[in-house]
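These values consider heavy atoms only, across backbone and side chains, with no hydrogens, waters or symmetry-generated copies.
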Amino acid sequence: MRDLFVVPAAARDEFLARTRSIRDFLDAQDGCLQNMVLEQAGVADTSNVITVVDWRAADSFATARAAAAARSALHDFKPPELHARPATR
């Protein structure tokens, strides 16, 4: 699984902190083979953040996704809200 986010400078620190927390959680899930957060300078005060997670099998991904959703609900964290902030794509 790979995702690309364009993050404005004003949201960078919070976005990376949350992304790294999710990365650490996914690292501990059964079937996680590789998990990286990469950052590249963007244009006009933005950063390109790329996440890469490789899973042993589709069922490993499905189980981890459900566990991540439960964890987000427990901590009242709503990833779509963070991603929907102005200029975060």
Side-chain angles (χ1 to χ4, degrees):
M1 183 169 108
R2 286 143 180 79
D3 291 304
L4 168 65
F5 305 95
V6 178
V7 183
R12 180 185 173 274
D13 291 343
E14 179 186 7
F15 187 87
L16 286 176
R18 293 283 190 165
T19 301
R20 289 177 178 138
S21 174
I22 294 166
R23 176 202 58 204
D24 295 345
F25 175 78
L26 293 176
D27 271 343
Q29 301 304 300
D30 185 47
C32 182
L33 301 175
Q34 174 177 258
N35 190 359
M36 299 181 290
V37 176
L38 307 169
E39 182 181 14
Q40 173 187 44
V43 297
D45 255 357
T46 64
S47 292
N48 298 318
V49 177
I50 302 163
T51 60
V52 178
V53 186
D54 291 325
W55 297 96
R56 179 178 52 236
D59 62 330
S60 298
F61 170 69
T63 300
R65 185 175 182 153
R71 178 179 180 264
S72 292
L74 179 66
H75 295 285
D76 196 34
F77 172 56
K78 298 172 181 77
E81 287 180 11
L82 180 62
H83 298 161
R85 290 189 184 161
T88 302
R89 303 176 277 168

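- For the side-chain contact (heavy atoms from CB on, under 4.5 Å) criterion with Val37, the lone passing option out of Asp24, Thr51, Val53 is Thr51.
- In this structure, the separation between CG on Leu26 and OG1 on Thr19 is 10.5 Å, given to the nearest 0.5 Å.
- Remark: Gln34 pairs with Met36, Val52, Asp54 by the side-chain contact (heavy atoms from CB on, under 4.5 Å) rule, at least two apart or across chains.
- Evaluation of the salt bridge (charged side-chain N to carboxylate O under 4.0 Å, His left out) rule for Asp27 yields no partner, not counting sequence neighbours.
- Minimum heavy-atom separation, Cys32 to Asn35: SG-CB, 3.8 Å.
- Evaluation of the salt bridge (charged side-chain N to carboxylate O under 4.0 Å, His left out) rule for Asp30 yields Arg56 as partners, not counting sequence neighbours.
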Hey, can you pull the donor-acceptor pairs under 3.5 Å for the side chains in residues 60-67, sequence neighbours left out?
residue: Thr63; atom: OG1; partner: Asp59; partner atom: O; Å: 3.0

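- Here the options are Thr46, Leu4, Asn48, Val49, the test is side-chain contact (heavy atoms from CB on, under 4.5 Å), and the partner is Gln40; only Asn48 passes.
- Listed by chain and residue number, Glu39 satisfy the salt bridge (charged side-chain N to carboxylate O under 4.0 Å, His left out) test with Arg12 (two or more places apart in sequence, or in another chain).
- The side-chain contact (heavy atoms from CB on, under 4.5 Å) check on Asp45 picks up Ala9, with sequence neighbours excluded.
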